[in-house]
Amino acid sequence: MEVIATIAELESSLKPLKVKGLKIALVPTMGALHNGHLSLIAEAQKQADIVVCSIFVNPTQFTDPKDLEKYPRPLEHDIKMLTEAGCNFVFMPSIKEMYPNYPTAENWKIDLGSAEFVLEGEFRKGHYQGVTQIVFKLFDAVKPDKAFFGQKDFQQVLMIKNMVEVLGLDVQIVTCPIIREDDGLAMSSRNIHLSDSDRANSLVLSKALFFIEDHYKTQSIEELLANSKAIIDSVPGVELDYLTIVDGDTLLPISTKMDKNTVALVAAKVGETRLIDNVVIN
């Protein structure tokens with residue numbers, strides 16, 4: 001596995017592989033890797049010849065400087081995991097490599113549609129402009145045939161798909177299922193911040209989502225939301241930001257049931273750690 005720090009070096013390494021007609025996959029990450037990330041690598045290996053994993057903690061998508069500061073960066077651990085997973089390249093650029101004039105802001109503003117401003121977009125204003133900014137830069141550097149993202153960040157994947165459509169980019173976005181711990185907790189790099197009691201309390205998020213999934217055919221939307229919120233309210237130390245059932249294309253709440261692309265999403269602060277999760281119902 002080759003570890004690369006500059007765009008020029010990355011382009012130089014990938015060019016002969018592309019000339020041979022090999023398919024390139026990109027798995028963008030912010031590091032602190034877990035089995036959820038490895039599932040993306042595994043799927044990328046099935047669908048492409050060469051897999052590039054990027055590790056970059058992107059400063060422009062953090063709306064809270066403290067969140068950026070405390071984001072875990074276990075690079076040795078990450079490189080070991082990727083080596084064992086058989087990843088071909090790891091792209092680990094510096095901030096200056098990706099943003100030469102940082103901290104001076106670049107002129108990036110893209111119309112991602114109204115879905116940018118709801119749910120996570122409401123709680124983290126400007127977040128998806130930062131996400132799409134760095135993903136565009138990574139796409140431009142790697143020029144992948146396919147890019148792989150986890151369903152856990154459902155809204156993020158939708159924003160990236162919207163960006164690809166708006167800019168007419170020649171890359172296929174592949175969404176991979178959420179990987180969960182045995183007890184149902186969605187795997188996340190932020191889980192390491194949970195205390196033992198917070199870790200136990202956090203299970204209520206997936207429990208509420210699974211309740212919606214299990215009772216979708218037998219209860220009304222109103223009943224589903226009331227009953228699942230009651231499940232969350234019964235657990236101490238969990239501060240709910242939102243729990244909603246939406247149209248997966250628009251992220252707007254639904255009042256009557258749909259036959260496809262129905263998604264239940266939740267975000268909450270458990271102790272000091274903010275977690276998100278979702279289930280695709282149909």
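- The list of ring-ring contact (aromatic ring centres under 6.0 Å, His included) pairs with a residue in residues 209-235, not counting sequence neighbours, reads Phe211-His215.
- The side-chain contact (heavy atoms from CB on, under 4.5 Å) check on Lys152 picks up Ile178, Ala186, Ser188, Ile276, with sequence neighbours excluded.
- Residues Leu112 and Val166 are not in side-chain contact: their nearest non-hydrogen atoms beyond the backbone lie 4.5 Å or more apart.
- Under the 4.0 Å criterion applied to side-chain N and carboxylate O atoms, Arg190 and Asp67 are assigned as salt-bridge partners.
- A search for salt bridge (charged side-chain N to carboxylate O under 4.0 Å, His left out) contacts involving Asp249 returns nothing, not counting sequence neighbours.
- Two residues are said to be in side-chain contact when any heavy atoms from C-beta on lie closer than 4.5 Å; Met159 and Val131 fail this criterion.
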- Test log, rule side chain to side chain donor-acceptor pair (under 3.5 Å), inputs Glu106 and Asn101: CA-CA 8 Å; Glu106 294 181 0; Asn101 298 315; 5.7 Å; no

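- The backbone N or O of Met163 lies less than 3.5 Å from no partner atom in the side chain of Thr132, so there is not a single donor-acceptor pair.
- No donor-acceptor pair under 3.5 Å is formed between the side chain of Gln219 and the backbone N or O of Asn227.
- The two atoms that bring Lys96 and Tyr102 nearest to each other are NZ-O, 2.5 Å, heavy atoms only.
- Applying the salt bridge (charged side-chain N to carboxylate O under 4.0 Å, His left out) rule to Glu120 yields the partners Arg124, Arg274; only residues at least two apart in sequence or on another chain are considered.
- Judged purely by atom type and a 3.5 angstrom limit, Asn282 uses its side chain to pair as donor or acceptor with the backbone of Met258.
- With sequence neighbours left out, Ser220 forms a side-chain contact (heavy atoms from CB on, under 4.5 Å) with Glu222, Glu223.
- The closest side-chain heavy-atom distance from Lys207 to Ile232 is not below 4.5 Å.
- Using a cutoff of 4.0 Å between basic side-chain nitrogens and carboxylate oxygens, Glu84 and Lys80 are scored as salt-bridged.
- Applying the ring-ring contact (aromatic ring centres under 6.0 Å, His included) test to pairs two or more places apart or on separate chains, none has a residue in residues 137-174.
- Every residue was checked against the salt bridge (charged side-chain N to carboxylate O under 4.0 Å, His left out) condition with Lys66, not counting sequence neighbours, and none meets it.
- The ring-ring contact (aromatic ring centres under 6.0 Å, His included) analysis of residues 20-47, with sequence neighbours excluded, yields the pairs His34-His37.
- For Asp247, the salt bridge (charged side-chain N to carboxylate O under 4.0 Å, His left out) test picks out no residue, with sequence neighbours left out.
- Dense packing is recorded around CD of Gln47, with more than 12 heavy atoms of other residues, nucleotides or ligands lying under 6.0 Å away.
- In this pair, Phe136 and Trp108 present their aromatic rings tilted. The plane angle is within the 30 to 60° band.
- For residues 263-273, the set of pairs meeting the side chain to side chain donor-acceptor pair (under 3.5 Å) definition, not counting sequence neighbours, is empty.
- Annotation: side chain of Thr63 is not in contact with side chain of Phe123 (no heavy-atom distance under 4.5 Å).
- Using a 4.5 Å cut-off on side-chain heavy atoms (C-beta onward), Arg180 and Ser206 make contact.
- Val52 is not listed as a side-chain neighbour of Asn88, based on a closest heavy-atom distance of 4.5 Å or more.
- Counting non-hydrogen atoms of other residues, nucleotides and ligands closer than 6.0 Å to NZ of Lys23 gives a total of 12 or fewer.
- With sequence neighbours left out, Ser13 forms a side-chain contact (heavy atoms from CB on, under 4.5 Å) with Glu2, Ile4, Phe89.
- Side-chain atoms of His127 and Gln155, non-hydrogen and from C-beta on, never get closer than 4.5 Å to each other.
- Under the rule for a side-chain contact (heavy atoms from CB on, under 4.5 Å), the partners of Val235 that lie at least two apart in sequence or sit in another chain are Asn201, Val204, Val238.
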